[in-house]
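In what follows, every chain begins at residue 1, and chains take the letters A, B, ... in the order their sequences are listed. Since the structure is predicted, the reported quantities are computational estimates derived from the model, not experimental observations. In what follows, every heavy atom counts, from backbone to side chain, and hydrogens, waters and symmetry copies are set aside.
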Amino acid sequence: MTRANWEVVIGLETHAQLSTQSKIFSGASVAFGAEPNTQACAVDLGLPGVLPVPNRAAVERAIRFGLAVGAHIAPVSIFARKNYFYPDLPKGYQISQMEIPVVQGGSLRIQTKAGEKIVNLTRAHLEEDAGKSLHEDFQGQSGIDLNRAGTPLLEIVTEPEMRSSEEAVAYARALHALVRWIEICDGNMQEGSFRCDANVSVRPLGQKEFGTRCEIKNLNSFRFLERAIEFEIKRQIELIEDGGQVVQETRLFDPDRDETRSMRSKEDAHDYRYFPDPDLPPLCISEEWIAEVASGMPELPKSRRQRYVNELGLREYDADLLTATREAGEYFEALRAAANGVDAKLCANWVNGELSAAINRAGLELADAKVNPTQLAALLVRLADGTISGKIAKELFEIMWSEGGEADALIESRGLRQISDTGALEGVLKELIAKHPDQVEEYRGGKDKVFGFFVGQAMKATQGKANPAQLNALLKALLLGG
Amino acid sequence: MNLSELLNQGVTALSAALGSREVSAVEIATAYLDRIEQAQPELNAFITVDREHTLRDATLADSMRAASPGQSLAGIPIAQKDVFCAKGWRTTAGSHMLENFIAPYDSAVVQQLNKQGFVTLGRANMDEFAMGSSNENSYFGPVKNPWDLSRVPGGSSGGSAAAVAAGLAPAATGTDTGGSIRQPAAWCGISGIKPTYGRVSRFGMIAYASSLDQAGIFARSAQDLAILMDVISGHDPRDATSVDRKDAPCAKELDKDIRGLRVGIPKQWFGEGLSAGVKIVVESAIQELVMMGCECVEIDLPMSEQAIPAYYVIAPAEASSNLSRFDGVRFGHRAAQYKDLAELYERSRGEGFGPEVKRRILMGSYVLSHGYYDAYYLQAQRVRRLIANDFERAFMLCDVIAGPVAPTTAFPLGSFGADPVQMYLADLYTIPVNLAGLPALSIPAGFDAGMPVGLQLIGPWWQEARLLQTAHAFQIATDWHTKRPALYSGLKP
C-alpha cells in the first residue's frame, strides 16, 4: 500500500444528546439507567392519538450551539418525518429535520501537530432518538426498551474537510469540549450521549472528485473513531490498488477485532419518504429569543483564548490548555479573582503545572481537585509576596493536597516562612564559612562551583526557608569580603 | 312532556328537564340505552355499548348536579365516534387492528365533555380509520341510513349521524377530514359542524390525516351545536397545532341578526355533477336566506375542482405515515404466526387493515417515494395553497358561503364496491373546505325523493359563531331540522 499517493476525505456526523430534563416531544424523563420502559409515556410509546409537542429547552440548546459555532440560526425550520419500520421506533417514523435544519453553517477550530485548521459545519438539526433493541436473554426473541425513545439529539454534520484520522479525532475532541462548555450535552460517551458516524473516502492525490464513501456508524470513543478510520482508509486503498471498487455502504466498527464490517449497502438503503410532520407547525425562532439565549451564554473558548493571550500575556500553549475545557478556564478565572494582584502567568503555570499534575496522578476531574481555587490563591499570594519560596510553595501544595488545610495557617504552624531577615541569614552563613575554610579558599581561588555548595548547605541549615535572592547576594558578599 | 318526546328533543330541552329535576341522568341514559338496544340489530350505529359504564357515568352526573346546580350540561348523553380515545372504553377506529384496544387515556374532546358531566352512551360506528364516505369500510359492518335501511348513512362518521337521526342520542362527536361530519349529517337529516382547523384539540383522536382532521359535533339543531362547540373548543398545549385564541362563546351570540349578511354562491358548485333534486333543495334554501334578509353574491372558486386530486395525495401521504405505528409490536392486532420480523409486520398489518386502508397506505407511500415526492406531494401542497387563496378572495366579497354538501342524497349500500374513485369524487364540495382549514356546517334543508338534503355553510377562519347564527336563524324560519325518520318513530320509550 502506498498511502502517500492517496488523499483521505472525512466528514463526521455527531449525535449529541441534549441535556434536557424531559424528552424532545413529551414530558417523560430522560435520566439514564432506569428500569426498561419505565421512562416512556404514551407519546413515547406511540399510542394511537398521541401528539408531539416540541421541548423549548431542546430548541434553546440548539440555539446555543448555533451561536457557539457562528452559524445561521434559521428563523423558521421544519420538523420532518423519516419513515421506516423497526421495533424500537414506536411510531414507525423518526421526527427529525430534513430540508430546513435549525442550525445552518458555522465552523470549529481544531489543533493538530500540523497546526490550526478550521472545519466548516454543514448543519445541525434537532431530532428524537429511537429506543433500544436488546437481542440477548430473551430466548430467541428481542426485548424492546423505549426509555431512550424521544430523547433529544442534535445531529451535527461537517463538510468533508478532514484529511486524516488525527484531524477527525481533533475535531471530535473540540466538538466534545464545546458541547460540554456550553452545557448542551453531558458528553458521556459510554452512555451514548455523544457518538460519531464517520464518512470516509479516499482519492488519488490531485483528483478533484471525491471517491466513493463508506459510513461507519456509532463510534462512541475517540480511540474507536481513530481506529475505525485508520482501518477503513487502509481497506479502501488496498481494495482500489488491488483493482477493486469501493461500494457505498454503511459499516460497523468491531472494536474486538479492530475492523469495520458491512452493515447494509446502498441498494438495501431505505427510502425514508421524508415529509414535513403535519403534527408540528414550523419551528419559529425570533431575534428576541436568540438574543435572550445569547445573553445567557458563557464566554466561548475562542474568545477566552484570545483574551488570555492578548490581555493577560499568557503563552499560546497555556491559553490552549486553559481553554481546552470549560472547567480549566473556570478554575483559572476563580483563582485569578481570589489571588488579587498575583501575576496571571504565575497562576497559569500553577494550574497547568502542579495542579494538573496532581489531578492526573490522582485520576480525578478538575471539579474534584483537593485544592480549590481560593486555597491555591492564598498559596500563590504568599509565594508572590516572598513569604515562601518556590520550593516551599510546592511542598506546601503537596501538604494541602494530601492533608488539607489553608496556606497561611500551615506556613505558621510548620514554620515555612522564608528567612528574609538578613541578620538571621548572616549568622547562618558566617557559621558555614567558619566551618568550611577549605571550600572558602577554593572559591576565592576562582572555583565558582563551590558557591553552589554553600547555597545547598545554607538551604539545608534553614530547611529551605532562606530567600534565594537574599541568600545569593549575602553569600557572595561574605565570601568575597572575607 | 313525556320521556319519549323528551328523548326526541335536543340538548337544550334535556338540560332544562334535568335542571328542573323532572328527570334524572340515569333515567335518560337508561331510556336511550333501551332505544339503542332496539335499533342496533338493523342500524348498527354502535361498535361498543357498555350499559354499566354508561350508567356509572350517569350516576356520577346526577351527583354532580346535586353538588353544584350550576352544572347545566351534566347528565346530557352523547355518542362518541370510536376514534376518540376514552379511558376504559374499547377504542377501535372501526378497525380489526384495534378490535381489542382499550384506551389508557382520554382524548381532549372526551375529557372536556366528561368534565361537564356528559354521559357516553356508546362508541359510534365509523369507516375504518375514518377513511370512507359511506361507512361501508367499517370492520364492524356497515351502518344503515335511518331514513332508508337500504342506503348508506354517509361517512366516515356514519354511526354518529345515524344515532342522532334515529333518536338514539341527542348529540354525537365526529371527525371531519374531507367531509366526514357534514356529509353524513346531510344524508341523515341532522346538523353537523366541522370547526376551523386548530380550534378543537386533536389530542387523543386517532389520526387519519393530521393536517386535515378536525373534531366536531352532530346534533338536532344549530343551537345544540353551539352549546357543544363551546365545550370542546379551546387551546390544548398537548396539540401543537391547536391555536390559542379567545373567541366569544358561540352559544352567547346565537341570536344575532343576520339581515344584510352577504351569502356567497360558488358558481362552480351548481353545474354539472350536482343532481337536479339536490340542486332544487339547496337553491330553495338559499332563497329562504334571501327572504330572511340576506344578500346573495356570486363567487368564484376556480381551483376547487383540483381539490379531490390534491386531497388524495395529501391525506393518504399523511395516513401512510400515521398508520405505521400499527405494527403488531406494542398494541393492536398481532398475527398468530410469523417466522421473522418482516413477517410479523406483513401479517399483522395484512390481517389488521381492511382494503380501503391498505389502498390509501399504498397511495400515500407511493406519492412520498423518492423521485415522486415533488411531482405529487409538493404539487398537491401548492394546489392546497391556491384553494385557500380562492376562499380568501371569496370572503372579501361575502360573509358566508352557501352550497350543497354532496351532489346526491344517500346512495344504496354497495353502489361503488368496484370503483372507489367514483365514491371519492362525491366529496367535491366538502374537501376544499378541509384543505383550506375553514369552518363549515351542514343543516337540514329539505328532501329529495324522501331522502334528506343538507345545506352547507362555510365561513372564514374562526367564524363558527357567524355560521351558527345563520344556521340558527334558518332553523327558526324553517322546520326541516325537526323532521324524523318514520322508521324510528316507534322506539320505546
Side-chain angles (χ1 to χ4, degrees), chain A residues 24-27 37 40-56 78-95 98-99 131 133 135 140-146 149 266 269-284, chain B residues 83-85 91 93 97-98 101 103-108 129 198 201-207 209-213 236-243 314 317-318 320-332 341-342 344-345 349 364-373 377-378 381:
Chain A
I24 185 166
F25 298 116
S26 85
N37 299 308
C41 69
V43 175
D44 308 318
L45 297 177
L47 288 186
V50 297
L51 296 169
V53 178
N55 179 343
R56 212 179 140 85
I78 306 288
F79 285 111
R81 292 184 184 179
K82 179 181 181 179
N83 294 283
Y84 65 97
F85 283 98
Y86 204 68
D88 60 23
L89 187 72
K91 299 187 295 296
Y93 58 85
Q94 176 196 28
I95 305 176
M98 179 62 180
E99 282 181 7
S133 296
H135 299 297
Q141 296 189 298
S142 293
I144 308 294
D145 177 6
L146 295 176
K266 194 189 176 189
H270 297 287
D271 178 352
Y272 289 118
R273 307 192 313 278
Y274 277 101
F275 75 109
D277 192 330
D279 286 330
L280 292 162
L283 175 61
C284 294
Chain B
V83 76
F84 293 99
C85 286
T91 302
M97 181 59 85
L98 292 176
F101 179 71
Y105 70 99
D106 281 333
S107 58
F129 286 105
S201 170
R202 292 185 298 114
F203 182 81
M205 195 171 106
I206 298 176
S210 313
S211 73
L212 300 159
D213 294 344
D236 180 358
R238 297 168 300 178
D239 173 3
T241 62
S242 134
V243 178
I314 294 167
E318 294 181 8
S320 71
S321 177
N322 282 337
L323 270 58
S324 293
R325 68 188 59 199
F326 304 105
D327 57 6
V329 173
R330 297 167 315 287
F331 50 78
L341 181 62
L344 164 69
Y345 286 148
R349 289 168 67 80
S365 302
Y366 180 81
V367 300
L368 290 177
S369 299
H370 187 71
Y372 297 97
Y373 178 81
Y377 186 80
L378 283 187
Q381 292 292 7

* **Contact winner vs chain A - B:His370, B:Arg202, B:Gln381, heavy-atom pairs under 4.5 Å** => B:Arg202
Check each atom of [X] against the heavy atoms of chain A and say whether the ones under 4.5 Å are side chain, backbone, both or neither.
X        : value
B:Ser321 : both
B:Ala317 : backbone
B:Phe326 : side chain
B:Ser365 : both
B:Phe84  : neither

What pair of heavy atoms forms the shortest contact from [X] to [Y], and how long is it?
X        : Y        : value
B:Ala240 : A:Pro54  : CB-CD, 4.3 Å
B:Tyr373 : A:Pro276 : OH-CD, 3.3 Å
B:Pro104 : A:Leu47  : CG-CD1, 3.5 Å

* Can A:Asn37 and B:Arg330 be counted as having a side-chain donor-acceptor contact under 3.5 angstrom? -> no
* Can you find a side-chain donor-acceptor pair between B:Arg325 and A:Tyr93 that sits under 3.5 Å? ->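 Yes, side-chain donor-acceptor contact under 3.5 Å.
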* To do: State whether the number of non-hydrogen atoms from other residues, nucleotides or ligands found under 6.0 Å of A:Tyr274 atom OH is greater than 12.
  => yes
* Asked: Could you state the interatomic distance from OG (B:Ser210) to CZ (A:Arg81), rounded to the nearest 0.5 Å?
  ->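 Between B:Ser210 OG and A:Arg81 CZ, I get 5.0 Å after rounding to 0.5 Å.
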Sort out for me which of [options] touches chain B most, counting heavy-atom pairs under 4.5 Å.
options                              : result
A:Leu45, A:Leu146, A:Leu280, A:Val43 : A:Leu45
A:Leu89, A:Asp271, A:Asp277, A:Val53 : A:Asp271
A:Pro90, A:Gly92, A:Pro281           : A:Pro90

* Student check: side-chain heavy atoms of B:Phe331 and A:Pro48 closer than 4.5 Å ->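 Side chain of B:Phe331 against side chain of A:Pro48, heavy atoms only: contact under 4.5 Å found.
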* Asked: Going by heavy atoms in the side chains, are B:Tyr105 and A:Cys41 under 4.5 Å from each other?
  -> no
* Asked: Using non-hydrogen atoms only, which part of A:Asp279 is less than 4.5 Å away from chain B: side chain, backbone, both, or neither?
  ->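 Both backbone and side chain of A:Asp279 come within 4.5 Å of chain B.
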* Are B:Leu341 and A:Phe85 close enough, and set up right, to give a side-chain contact (heavy atoms from CB on, under 4.5 Å), and what steps lead you there? -> CA-CA 10 Å; B:Leu341 181 62; A:Phe85 283 98; over 6 Å; no
* Measure from the ring center of B:Tyr377 to the ring center of A:Phe275 and say whether it is less than 6.0 Å. =>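 Yes, close enough.
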* To do: Take A:Leu51 and B:Arg238 through the side-chain contact (heavy atoms from CB on, under 4.5 Å) test and state the conclusion after the steps.
  => CA-CA 7 Å; A:Leu51 296 169; B:Arg238 297 168 300 178; over 6 Å; no
